[in-house]
Engineer: 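This structure is in structure tokens; I'll ask about it shortly.
Reckoned from all heavy atoms, side chains included, excluding hydrogens, waters and symmetry mates. Within every chain, numbering begins at 1; the chains are lettered A, B, ... in the order of the sequence lines, protein sequences first and strands thereafter.
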4 protein chains.
Amino acid sequence: MKQNKPKYKQIIDAAVIVIAENGYHQAQVSKIAKQAGVADGTIYLYFKNKEDILVSLFQEKMGLFIEKIEGETSGRTKAADKLYVLIEKHFSLLSDDHHLAIVTQLELRQSNKDLRLRINEVLKGYLNVLDSIIQTGIDTGEFREDLNLRLARQMIFGTIDEIVTTWVMNEEKYDLVALAGQVHHMIVRGFGNSQ
Amino acid sequence: MKQNKPKYKQIIDAAVIVIAENGYHQAQVSKIAKQAGVADGTIYLYFKNKEDILVSLFQEKMGLFIEKIEGETSGRTKAADKLYVLIEKHFSLLSDDHHLAIVTQLELRQSNKDLRLRINEVLKGYLNVLDSIIQTGIDTGEFREDLNLRLARQMIFGTIDEIVTTWVMNEEKYDLVALAGQVHHMIVRGFGNSQ
Amino acid sequence: MKQNKPKYKQIIDAAVIVIAENGYHQAQVSKIAKQAGVADGTIYLYFKNKEDILVSLFQEKMGLFIEKIEGETSGRTKAADKLYVLIEKHFSLLSDDHHLAIVTQLELRQSNKDLRLRINEVLKGYLNVLDSIIQTGIDTGEFREDLNLRLARQMIFGTIDEIVTTWVMNEEKYDLVALAGQVHHMIVRGFGNSQ
Amino acid sequence: MKQNKPKYKQIIDAAVIVIAENGYHQAQVSKIAKQAGVADGTIYLYFKNKEDILVSLFQEKMGLFIEKIEGETSGRTKAADKLYVLIEKHFSLLSDDHHLAIVTQLELRQSNKDLRLRINEVLKGYLNVLDSIIQTGIDTGEFREDLNLRLARQMIFGTIDEIVTTWVMNEEKYDLVALAGQVHHMIVRGFGNSQ
DNA sequence: TATGAATGAGTGTTCATTCAT
DNA sequence: CATGAATGAACACTCATTCAT
């Protein structure tokens with residue numbers, strides 16, 4: 001199991017750093033190898049090709065990401081609470097990892113269509129968590145029963161993603177986590193006045 | 001004024017087709033020139049370099065896009081109505097232009113940071129329209145007065161963008177415009193039950 | 001006779017200025033046309049191609065150059081005097097025309113072999129003047145009778161040319177004409193002590 | 001130390017051959033690589049860019065050239081003898097290397113100003129040898145004490161260079177080395193009759 | 001004569017991947 | 001397992017020249 005060997009993680013961590021600091025198109029395999037402290041050729045003992053590094057990177061990091069979020073949300077009963085925890089956790093995990101935020105929000109988007117499709121595969125785990133929360137809400141009557149599951153999921157993901165991306169592009173100048181409450185309220189209650 | 005010369009538009013239209021059909025990284029200048037029916041060198045009589053073609057493409061198309069949307073929304077009084085028209089128009093304009101949808105949602109995102117920053121400049125016009133609608137809603141009391149303008153704007157844009165992108169990635173298999181009502185409702189009223 | 005039409009000289013003068021100020025490789029036809037105040041295509045009504053501009057330039061300017069030098073030297077009887085006048089005139093003519101000095105000493109040397117062969121044709125006129133002076137010197141007994149005419153000519157030309165080129169490369173910081181006497185003495189009398 | 005790796009010299013030697021046989025402007029990197037028997041990319045493991053090949057070529061070849069000439073001249077005591085050896089050696093080294101003669105006398109002169117400045121840096125070593133010989137001659141009384149060191153150096157270099165260039169342009173039809181004595185005599189004794 | 005928009009051939013350089021050691 | 005020297009395909013851009021007006 002290559003994934004357990006130390007150099008596997010070493011190379012992935014190196015890739016995150018190199019991509020975050022140099023940008024996607026300036027993240028040459030040789031630069032990643034140097035950062036990881038291995039020879040260029042060694043990379044190919046652990047990864048099929050460059051794309052495989054990036055997909056693996058996303059899988060490893062996003063896997064942990066989803067795991068943590070799932071863990072936190074499962075402790076709540078109400079869908080709205082689960083959703084709040086998800087947003088808060090999503091924001092805080094990226095706030096805590098500057099390099100990862102740049103890589104997932106900006107740099108990895110420059111990859112070609114093939115790579116993006118494979119990244120989307122990984123994202124499905126996250127979207128499943130969202131679906132499950134929304135379905136819970138509909139089932140318990142918290143959310144409207146005519147809510148379109150797919151659209152709702154896309155709204156949540158699109159909103160969170162756009163807010164994080166804007167925050168990263170603004171060089172993370174403000175407190176992202178502090179926005180979780182307002183974002184959560186907009187999603188659950190909408191723009192309208194409640195009276 | 002180069003923008004009025006026929007070859008200027010001819011080249012931009014060719015670029016949209018070539019990028020949509022071949023992908024961003026396979027859209028060589030020579031391919032665009034061939035599609036436009038001009039010599040490679042002619043491109044450089046109208047554009048400073050390759051990046052300039054792409055920025056101009058985005059400016060021209062997005063300019064028209066924003067113009068049309070602004071025109072339609074200005075005919076409405078209520079913010080909620082304006083927002084509905086915006087969503088519906090956004091969906092229908094992209095539904096009607098298959099190539100443009102692929103280019104704006106998938107291919108142009110692969111551009112480097114510099115180009116993306118310049119694209120964001122163009123997008124500001126669109127975001128301003130959103131801001132103005134939201135502010136109208138707050139002023140008239142349609143929307144909550146404690147609504148965070150920036151977050152609201154990011155939610156609308158992120159939601160619409162994610163929904164369109166998913167639709168494009170799913171090869172436009174379903175009717176995007178038909179979703180406008182539900183999307184609008186989710187944004188304005190949220191997920192919650194109204195009782 | 002195209003050579004007599006005003007635009008012919010106009011274009012040649014423009015070429016000297018453009019080459020002197022931009023360098024040989026940055027002296028595009030369009031730049032010369034602009035400097036001459038004519039359209040690009042007009043150049044080709046007066047010159048066969050770009051190389052023809054440069055050869056004509058050299059012919060015109062070097063023709064005048066040789067004419068003036070010949071005129072001055074013919075006024076002297078002794079070969080040594082003729083040689084002195086030639087050196088002095090060569091130095092002063094280039095000292096007086098900054099642009100021409102740069103073009104002939106530095107820029108035109110970057111031309112390809114073909115062009116240089118044609119330039120050498122023009123130079124033959126100058127070399128003939130040299131030969132005639134040397135022959136005179138030999139005939140009158142001023143110069144050694146076993147002097148190798150060809151080598152002597154190459155020594156004079158090589159010396160003068162190297163001195164002028166160095167002076168141009170040093171941005172013409174010192175008085176070139178003032179060196180004529182020493183140069184003349186070195187050529188006629190050599191390095192050795194006369195005793 | 002790249003200079004000691006076999007491919008470094010292999011590429012430089014290939015460059016001399018390709019430039020001599022095809023001319024400066026037809027000496028594409030791919031042609032040099034082919035001649036050297038390496039891949040195009042390999043060139044860039046040993047040289048920063050194309051200009052670096054040419055500068056290195058000049059440094060390597062001219063470095064050896066100067067070394068050899070310095071070695072030979074240092075064996076003589078009298079300045080005139082040193083000068084004779086220098087001329088003779090200069091002529092014979094280029095006579096023995098047909099390709100190098102073409103490259104240094106004709107092709108490399110077509111390089112742009114930047115490259116020529118860097119070539120001049122290399123030439124300084126040669127000019128220093130000349131200066132030292134001339135100074136020796138002045139100190140020992142062999143040469144006139146009012147001899148202008150800089151002009152004398154330019155005369156020697158200009159003369160030798162012009163004679164070699166003419167010889168190369170005449171396709172090396174005559175015996176260059178055989179001219180050394182006459183050239184030496186012209187420089188040391190001048191044109192004049194000694195009586 | 002004069003114009004200037006259009007042409008299209010030509011090349012230095014990068015970098016993911018391989019493979020002999 | 002690990003190395004790193006070697007590979008070679010791929011592409012944006014310039015500019016001398018033409019020719020319809």
Side-chain angles (χ1 to χ4, degrees), chain A residues 2 5-7 11 25-34 36-54, chain B residues 2 5-8 10-11 25-34 36-54, chain C residues 2 5-7 11 25-34 36-54, chain D residues 2 5-8 10-11 25-34 36-54:
Chain A
K2 284 195 170 140
K5 301 209 175 162
K7 287 197 179 162
I11 291 165
H25 289 293
Q26 280 305 305
Q28 293 89 347
V29 171
S30 63
K31 225 178 243 170
I32 296 173
K34 196 172 192 180
V38 300
D40 293 16
T42 306
I43 299 267
Y44 291 86
L45 299 174
Y46 295 90
F47 300 92
K48 215 166 83 262
N49 51 35
K50 187 179 178 181
E51 183 177 309
D52 191 29
I53 308 176
L54 305 176
Chain B
K2 287 207 168 122
K5 300 201 178 165
K7 292 207 171 153
Y8 178 84
Q10 202 171 319
I11 292 165
H25 290 293
Q26 279 306 305
Q28 294 89 347
V29 171
S30 63
K31 228 178 243 171
I32 295 172
K34 198 171 190 178
V38 301
D40 292 17
T42 305
I43 299 269
Y44 293 88
L45 297 176
Y46 296 90
F47 300 92
K48 218 168 75 261
N49 49 35
K50 188 179 176 180
E51 182 177 310
D52 191 30
I53 308 177
L54 305 176
Chain C
K2 283 193 170 145
K5 302 209 175 163
K7 286 198 179 163
I11 290 166
H25 289 293
Q26 281 306 304
Q28 294 87 351
V29 171
S30 63
K31 224 177 245 170
I32 295 172
K34 196 172 192 180
V38 300
D40 293 16
T42 305
I43 298 267
Y44 290 87
L45 298 174
Y46 294 89
F47 300 91
K48 214 168 84 260
N49 50 34
K50 187 180 178 180
E51 185 177 307
D52 191 29
I53 308 176
L54 305 176
Chain D
K2 286 208 168 119
K5 299 200 178 166
K7 293 207 172 152
Y8 178 83
Q10 202 171 318
I11 291 165
H25 290 294
Q26 278 307 304
Q28 294 89 349
V29 171
S30 62
K31 227 177 243 171
I32 295 172
K34 197 170 191 181
V38 300
D40 292 16
T42 305
I43 298 268
Y44 292 88
L45 297 176
Y46 296 90
F47 300 91
K48 218 167 76 261
N49 49 36
K50 188 179 176 180
E51 182 177 311
D52 190 31
I53 308 176
L54 305 176

Engineer: If only side-chain N and O atoms of B:K48 are considered, is one of them under 4.0 Å from the OP1 or OP2 phosphate oxygen of F:dC13?
Structural biologist: no

Engineer: Counting Watson-Crick and G-U wobble pairs only, both distances under 3.5 Å, name the nucleotide matched with E:dT21, or none.
Structural biologist: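 Paired with E:dT21, as far as the under-3.5 Å criterion goes, is F:dA2.
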
Engineer: Under 4.0 Å between a side-chain N/O of B:K7 and OP1 or OP2 of E:dA6, yes or no?
Structural biologist: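 True: B:K7 side-chain N/O within range (under 4.0 Å) of E:dA6 OP1/OP2.
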
Engineer: Please check: side-chain N/O of C:K7 versus main-chain N/O of C:V38, any donor-acceptor pairing under 3.5 Å?
Structural biologist: no

Engineer: Between A:S30 and C:G41, who's closer to the 5' end of DNA chain E by nearest nucleotide?
Structural biologist: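 Its nucleotide being nearer the 5' end, the pick is C:G41.
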
Engineer: Would you kindly give the CG-to-C1' distance between D:L45 and E:dC15, to the nearest whole Å?
Structural biologist: 11 Å

Engineer: From C-beta outward on A:D40, which listed nucleotide comes closest to its side chain: E:dT17, E:dG4, F:dT7?
Structural biologist: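 Of the options given, the side chain of A:D40 lies nearest E:dT17.
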
Engineer: Using a cut-off of 4.0 Å on non-hydrogen atoms, how would the nucleic acid contact of B:V29 be classed: base, sugar-phosphate, or nothing?
Structural biologist: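 Touches sugar-phosphate only.
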
Engineer: Starting from P on E:dA6, measure out to OH on B:Y8 and report it in whole angstrom.
Structural biologist: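 Checked: the OH to P distance equals 15 Å.
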
Engineer: Could you give the CD1-to-C1' distance, from B:I32 to F:dC11, as a whole number of Å?
Structural biologist: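 Taking CD1 of B:I32 and C1' of F:dC11, I get 12 Å after rounding.
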
Engineer: Taking only side-chain N and O atoms of D:T42, does any of them lie within less than 4.0 angstrom of OP1 or OP2 on F:dT7?
Structural biologist: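 Yes, within the criterion.
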
Engineer: Please report, rounded to the nearest Å, how far the P atom of F:dA12 is from the CD atom of B:E51.
Structural biologist: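 Result: 13 Å.
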
Engineer: Taking A:K31 for its side chain and A:Q26 for its backbone only, find out whether a donor-acceptor pair lies under 3.5 Å.
Structural biologist: yes

Engineer: If I take atom NZ in residue C:K31 and atom P in nucleotide F:dC15, what distance separates them, rounded to the nearest angstrom?
Structural biologist: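 About 8 Å, once rounded to whole Å.
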
Engineer: Starting at NE2 of C:H25 and ending at P of F:dA16, how long is that distance when rounded to a whole Å?
Structural biologist: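 Interatomic distance, NE2 of C:H25 to P of F:dA16: 12 Å.
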
Engineer: Write down the partner of E:dT7 under the Watson-Crick or G-U wobble criteria, each distance required to be under 3.5 Å.
Structural biologist: F:dA16

Engineer: Among the candidates E:dT13, E:dT3, E:dT17, find the nucleotide nearest to the side-chain atoms of C:A39.
Structural biologist: E:dT3

Engineer: Determine: side-chain N/O of C:Y46 to OP1/OP2 of E:dA2, distance under 4.0 Å, yes or no.
Structural biologist: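 Answer yes for this pair, as a side-chain N or O of C:Y46 is under 4.0 Å from OP1 or OP2.
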
Engineer: Quickly work out the C:K50 NZ to F:dA16 C1' distance and round it to whole Å.
Structural biologist: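 That distance rounds to 8 Å.
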
Engineer: Please report the distance, rounded to the nearest Å, between CD1 in C:I11 and P in E:dA2.
Structural biologist: 9 Å

Engineer: Once you round to the nearest 0.5 Å, how far does CD1 of D:I43 lie from CG of D:D52?
Structural biologist: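 Interatomic distance, D:I43 CD1 to D:D52 CG, rounded to 0.5 Å: 11.0 Å.
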
Engineer: To the closest 0.5 Å, what do you measure between CG (C:D40) and CD (C:Q28)?
Structural biologist: 10.5 Å

Engineer: I need the A:I32 CD1 to A:F47 CZ distance, nearest 0.5 Å.
Structural biologist: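 Output value for this atom pair is 9.0 Å.
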
Engineer: Where the side chain of A:V38 is defined as all heavy atoms beyond and including C-beta, which of F:dT3, F:dC13, E:dG8 is the nearest nucleotide?
Structural biologist: F:dT3

